[in-house]
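Here's the structure, in structure tokens; my notes come after.
These numbers come from the heavy atoms of this one structure, side chains and all, not from hydrogens, waters or symmetry mates.
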Amino acid sequence: MRFWKMEGLGNDFVVVTGSRSFSTSQIAALCDRRRGIGADGLLVISESGERIRMTYFNADGSPAEMCGNGLRCVARLATELGMVAGPQFIVETPVGPRRVQVSEAEVTAELGPAVVGEHRRIGDRLFQLVSVGNPHAVTWVSDLEHVPLESTAETLQEEFLGGINVEMAVVDSPQLISMRVWERGVGETAACGTGAVATASAGLAQGLTQNEVEIRLTGGMARVRLEDGTSWITGPARLVYRGEWMG
């Protein structure tokens, strides 16, 4: 099976094309970092009329509604493979059509509306719940280096049916947020596009940040823009290598 290895801000993916189906164990094997290709998840690109469609699975084989960095990687690869006519096009996703724009250095992707929900106190932390097509819980901290991200996130999985993505973040200024993220079905990752949008949305809703903000992630810098009822994320996305999976 032919595959492409893509990464955006250190969030890495195995990408395949065509109308393919995979079992949970097959996806987990592909994403295994010691015995497989190694990735945070699997992206499948297929044709949908004149558009392309993206389907995403977490590293443990579970399906996910949306992946922001994955969407940007799909846009980059579709452009490089000649699957689309120009640098601006629409990708069909499980949560609806999303606009993308590909340039030489960066990819901008629309992630849709970010719905800021209730606050929920769990243990000694207050979380802001946000939906970006997939669920997030954002909490503000004073020190990112020593926060118990993994243990806190694992505790939260028991509180939400189907699990939840967890972001711990620091507001450096109204234009800059630093954050770490734990993704359900994966664990801590170098970046999460929907997590960046969720965190920016929580900051804006609480009057801490502006509608355009830079997000400092473990894997690099992204820019988030919130306007007209939708969200956009901009950052690098690149092809790492291509190969044949023999497993």
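Between the side chain of Asn58 and the backbone N or O of Gly61 there is no donor-acceptor pair closer than 3.5 Å. The main-chain N or O of Leu226 is found under 3.5 Å from a side-chain atom of Asn211 such that the two form a donor-acceptor pair. Of the possible polar contacts, none joining the Glu159 side chain to the Thr155 backbone as a donor-acceptor pair under 3.5 Å is found.
Heavy atoms only, all atoms of each residue included: Ala114 and Val132 are closest at CB-CG2, 4.3 Å. Nearest heavy atom pair, residue Ala196 against residue Ile233, reads CB-CD1, 4.1 Å. Nearest heavy atom pair, residue Phe57 against residue Val44, reads CE1-CG2, 4.3 Å. Nearest heavy atoms, Val107 versus Ala237: CG2-CB, 4.1 Å.
A salt bridge is defined here as a Lys NZ or Arg NE, NH1 or NH2 lying under 4.0 Å from an Asp or Glu carboxylate O, and Glu65 with Arg184 meets this definition. For the pair Glu188 and Arg180, the salt-bridge criterion is met [side-chain N within less than 4.0 Å of a carboxylate O]. Ion pairing of Glu106 with Arg223 is present here, as a side-chain N (NZ or NE/NH1/NH2) and a carboxylate O approach within less than 4.0 Å.
Side-chain contact between Phe3 and Leu30 is absent, with no heavy-atom pair separated by less than 4.5 Å. Here the side chains of Gln206 and Gln128 are in contact, with some heavy-atom distance below 4.5 Å.
Looking only at atom types and distance, the side chain of Thr189 has a donor-acceptor partner in the side chain of Glu183 under 3.5 Å away.
With Glu110 as reference, Arg99 is the one residue of Arg98, Arg72, Arg99 to meet the salt bridge (charged side-chain N to carboxylate O under 4.0 Å, His left out) rule.
For residues 75-95, the side chain to side chain donor-acceptor pair (under 3.5 Å) pairs, not counting sequence neighbours, are Arg51-Glu92.
Remark: Glu7 pairs with Arg238 by the side chain to side chain donor-acceptor pair (under 3.5 Å) rule, at least two apart or across chains.
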